[in-house]
Structures are given as C-alpha cells and as structure tokens.
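Being a predicted model, the structure only gives us computed values, none of them experimental. Heavy atoms only: backbone and side chains are in, while hydrogens, waters and symmetry mates are out.
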Amino acid sequence: MRIFLRDCAILVPGGRRGGSLLPLLFFLAVAMLYPFAVGPDAPLLARTGGGVIWVAALLAAILPLDRLVAPDLERGFFDQWALRGIAEEAVMAVRMLAHWLSFGPPLMLAALPAAALLGIDGTALRTVELGLLVGTPGLAAIGVLIAALTASLRSGAALAGLLLIPLSVPILIFGAGSLATGGESGLALTAAISLLLLAITPFAAGAAIRAARE
C-alpha cells in the first residue's frame, strides 16, 4: 500500500515527478487542432473524430514513459525493495495501476470536451468512453513493460516511444474499430487484449528489472 500511495503521489497530475499533465494537454491539443487541419466539415469531423481521439490517446501515452521506471532504477529503489523482500513483479503491478490512474481517467474526462470540438454525437461518445475505459489499462500495461525493458538503456526514452506504437496497434484497431462495427465486438476484443496484457506485464517487467539490476 505504501508503494502504491508513493507511486500515485509522483505520477498523478500535479505529482512530485512533474510533467504528468503533459499527456492530458497533448490529448486536448490534438483534438483542438484537428478541425483546423480538415476544415469545418461537420459530418467529416463527426465520422473521423472517434479515431482521432484514439490516436491522440495512444500518442499521449508515450509522454510519461521515461518517468515510470528509470528514475527509481537509477536511485536504487528497486535494490531497497528487493532487500525488504518485495518482489519486482509486485512493484510492477502496483506501478501499472498507478500509471493507469495517472492518465486513463483524465483522458476519459478530456474526451468530453474533445468530443464537443470534433462534433461527436452522444452514441459515438459513449462508445469512445467505453473503449477508453477498457483500452487504457492495456496501454498502461504496455507502457510499464516498455519502460522496464528500456530503463537501463541509453536513449531509452526515444526507443520506448518507437516500441509503444506498434505494440499498441491491436488496441487501436479494435478500440477505434468499435465505432464502425456497432461497439460490442470491438470493445470485447479491446478488453480481452487489455486483460492479457495486465496478466503478463508484471512478470515480464519484473524480469526486465532484475536483468537491469544485474
């Protein structure tokens, strides 16, 4: 519980590690600029707005990756937790939850003004919100996994961004695709991918942390 509270204190918007508002501001900036790029065509904005929100959410998830694991690894926190008998897998599971809380719910709230900017109707907005609810945990899991794999590498932040985009493509396809298929099947597949990532990420990220400490 202490690790969870510490992670929330440094990762949630306004936390000590700073920069946690950047994904939210980036997300809103994309939604605000997109209508300027395609023009005031309301049917086009409404038809493509859901996909724009998903792409903005994916790109916003890249920004906090360099703060998720590398600072704690450099300062020896993982060594201290290991000496206390706390497994890396447990730390990574807690970090995954705190990371999701830092950007998942804020993005869902930011999707409301973004939908207004893009002219998305209520039915499509409901599908977008449900998609973000089941898809952002998967994005959080991928982010923590990539942050653990690249924490000990030079220029790991740039590499993390390059790795997150292709690994997130299935979530993006089914999440954004739910807007075109009526919702249920796309949302179910998005949730299934997220659950799979949530199950395997603590073990994979924990192994990566142990390899980086050796």
Side-chain angles (χ1 to χ4, degrees), residues 1 3-13 15 17 20-24 26-27 50-51 53-69 87-112 114-115 125-150 160-161 163-179 183-209:
M1 179 58 74
I3 296 176
F4 173 69
L5 294 176
R6 171 188 176 275
D7 287 352
C8 288
I10 61 178
L11 292 177
V12 297
R17 199 160 282 180
S20 51
L21 283 174
L22 287 178
L24 191 60
F26 181 85
F27 178 84
I53 287 179
W54 267 102
V55 172
L58 171 60
L59 296 177
I62 295 175
L63 298 180
L65 294 185
D66 61 333
R67 301 189 303 274
L68 290 180
V69 174
E88 288 82 0
E89 287 79 1
V91 176
M92 288 294 98
V94 170
R95 185 64 50 90
M96 202 164 51
L97 175 59
H99 176 44
W100 178 75
L101 289 174
S102 72
F103 87 99
L107 285 188
M108 293 176 65
L109 290 175
L112 298 177
L125 176 60
R126 175 179 175 275
T127 303
V128 169
E129 291 284 8
L130 289 175
L132 291 176
L133 178 63
V134 299
T136 48
L139 293 179
I142 294 174
V144 169
L145 175 59
I146 292 175
L149 290 170
T150 60
L163 290 174
L164 186 136
I165 292 176
L167 291 177
S168 302
V169 166
I171 292 178
L172 179 66
I173 290 174
F174 293 120
S178 65
L179 293 163
E184 290 80 5
S185 59
L187 292 175
L189 289 169
T190 305
I193 295 172
S194 288
L195 287 175
L196 178 63
L197 290 168
L198 292 173
I200 66 176
T201 291
F203 301 99
I209 293 297

* Asked: Between L58 and I171, is any pair of side-chain heavy atoms under 4.5 Å apart?
  ->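 When only atoms from C-beta onward are counted, I171 and L58 do not touch, as no gap falls below 4.5 Å.
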* Asked: Do L68 and L65 have side chains that get closer than 4.5 Å, going by heavy atoms?
  ->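 They are in contact (side-chain heavy atoms under 4.5 Å apart), so the answer is yes.
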Of all the heavy-atom pairs spanning [X] and [Y], show the shortest one and how long it is.
X	Y	value
F27	A60	CB-CB, 4.4 Å
A176	G51	CB-CA, 4.4 Å
A115	L125	CB-CD1, 3.6 Å
L24	P106	CD1-O, 3.3 Å
F103	A61	CE1-CB, 4.1 Å
E129	M108	OE2-O, 2.8 Å

Let me confirm one number: the [atom1]-[atom2] distance from [X] to [Y], rounded to the nearest 0.5 Å.
X	Y	atom1	atom2	result
I173	S178	CD1	OG	12.5 Å
L197	M96	CG	CE	9.0 Å
L139	I62	CG	CD1	10.0 Å
R67	H99	CZ	NE2	9.0 Å
L132	L109	CG	CG	10.5 Å
I200	L195	CD1	CG	11.5 Å

* Any donor-acceptor pair under 3.5 Å from T190 side chain to G135 backbone ->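 No, the answer is negative, given that no donor and acceptor are paired below the 3.5 Å cut-off.
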* Asked: side chain to side chain donor-acceptor pair (under 3.5 Å): which pairs involve residues 131-149, sequence neighbours left out?
  ->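 As it turns out, the side chain to side chain donor-acceptor pair (under 3.5 Å) pairs with a partner in residues 131-149, which skip direct neighbours, are W100-T136.
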* Just jot down the salt bridge (charged side-chain N to carboxylate O under 4.0 Å, His left out) partners of E88, sequence neighbours excluded, or say none. =>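 Partners of E88 under the salt bridge (charged side-chain N to carboxylate O under 4.0 Å, His left out) test: R210, R213.
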* Output all residues satisfying side-chain contact (heavy atoms from CB on, under 4.5 Å) with L163, sequence neighbours left out; order by chain, then residue number. =>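 Only I146, T150, L159 meet the side-chain contact (heavy atoms from CB on, under 4.5 Å) criterion with L163.
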* Just one of I142, L59, L145 clears the side chain to side chain contact (heavy atoms under 4.5 Å, CB included) bar with L164, so which one? ->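 Of the listed residues I142, L59, L145, the side chain to side chain contact (heavy atoms under 4.5 Å, CB included) partner of L164 is I142.
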